[in-house]
A.B. asks: 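Below is the structure I would like to discuss, written out as structure tokens.
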Amino acid sequence: MFTTWLTLVALTLLAMWSAQLDPVSRQSSLPVWGFTLVLLGAAYKVQQILLVYLNLRVSSAGWRGSFLALVWVVMVVVWAAYWASLRGLV
């Protein structure tokens, strides 16, 4: 459990570091590849919280699969919204 906690902390710090704005313009946004890495890290963190801390790994495959699928659906929607905002579609 300690290694999971340490991984979550490291991923949080990495996400905070990567989201720093450009000190000159203060309006820079992450490129799509950077946002994708941060989002994948967040998805991994949510998965670990569900499986380790909420102990979903011992539940039935239906519950576990439903929760994990919901996490990935939300992540894809967030990624698509970010991509659309960069393209001026939203």
Side-chain angles (χ1 to χ4, degrees):
M1 181 138 22
F2 179 73
T3 56
T4 301
W5 178 81
L6 197 58
T7 303
L8 295 177
V9 169
L11 287 172
T12 300
L13 293 174
L14 180 65
M16 290 171 55
W17 174 77
S18 66
Q20 294 297 313
L21 296 176
D22 182 23
V24 176
S25 69
R26 303 299 270 170
Q27 294 182 357
S28 296
S29 60
L30 283 174
V32 174
W33 65 268
F35 182 74
T36 302
L37 289 177
V38 170
L39 202 61
L40 286 174
Y44 180 76
K45 287 169 48 176
V46 170
Q47 180 179 341
Q48 289 302 304
I49 289 170
L50 288 173
L51 295 178
V52 175
Y53 291 109
L54 297 180
N55 211 16
L56 208 59
R57 62 186 158 182
V58 297
S59 66
S60 68
W63 278 105
R64 185 174 50 250
S66 297
F67 275 102
L68 294 178
L70 181 62
V71 167
W72 287 105
V73 166
V74 168
M75 293 300 168
V76 167
V77 169
V78 169
W79 185 88
Y82 186 76
W83 183 83
S85 72
L86 288 179
R87 302 289 183 258
L89 301 173
V90 179

A.B. asks: Say you draw a straight line from CH2 of W79 to CG of L40; how long is it, rounded to the nearest 0.5 Å?
C.D. replies: 10.5 Å
A.B. asks: Answer with yes or no whether the hydrophobic clustering places V32 together with V74; edges join I, L, V, M, F, W, Y residues whose side-chain heavy atoms lie under 4.5 Å apart.
C.D. replies: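 V32 and V74: one cluster.
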A.B. asks: Hydrophobic cluster membership, with links at side-chain heavy-atom distances under 4.5 Å among I/L/V/M/F/W/Y: are L86 and M75 in one?
C.D. replies: yes
A.B. asks: Determine, using the 4.5 Å side-chain heavy-atom cutoff (strictly less than), whether V78 and W83 are members of one ILVMFWY cluster.
C.D. replies: yes
A.B. asks: Quick one: side chains of residues 42-58, donor-acceptor pairs under 3.5 Å with protein atoms, not counting sequence neighbours, listed by atom name and distance.
C.D. replies:
unit_1: K45; atom_1: NZ; unit_2: T12; atom_2: OG1; d: 2.5
unit_1: R57; atom_1: NE; unit_2: L51; atom_2: O; d: 3.4

A.B. asks: Would you give the length of the straight line joining atom CG of L8 to atom CG of L13, rounded to the nearest 0.5 angstrom?
C.D. replies: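 Those atoms lie 11.0 Å apart.
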A.B. asks: Does W5 have any ring-ring contact (aromatic ring centres under 6.0 Å, His included) partners at least two apart in sequence or in another chain, and if so, which?
C.D. replies: F2
A.B. asks: Going hydrophobic residue to hydrophobic residue with side-chain gaps under 4.5 angstrom, can you get from L37 over to V71?
C.D. replies: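 Different clusters: L37 never reaches V71 through Ile, Leu, Val, Met, Phe, Trp or Tyr contacts under 4.5 Å.
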A.B. asks: Assigning hydrophobic clusters by single linkage (Ile, Leu, Val, Met, Phe, Trp, Tyr; side-chain heavy-atom cutoff under 4.5 Å), is V38 placed with L11?
C.D. replies: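 Different hydrophobic clusters.
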A.B. asks: Can you tell me if W63 has over 12 outside heavy atoms packed within less than 6.0 Å of its CH2?
C.D. replies: no
A.B. asks: Inspect the surroundings of CZ in F35 and state if more than 12 heavy atoms from other residues, nucleotides or ligands are less than 6.0 Å away.
C.D. replies: yes
A.B. asks: Once side chain to side chain contact (heavy atoms under 4.5 Å, CB included) is applied, do any residues pair with A84, and if so which ones, sequence neighbours excluded?
C.D. replies: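 Residues passing side chain to side chain contact (heavy atoms under 4.5 Å, CB included) with A84: L89, V90.
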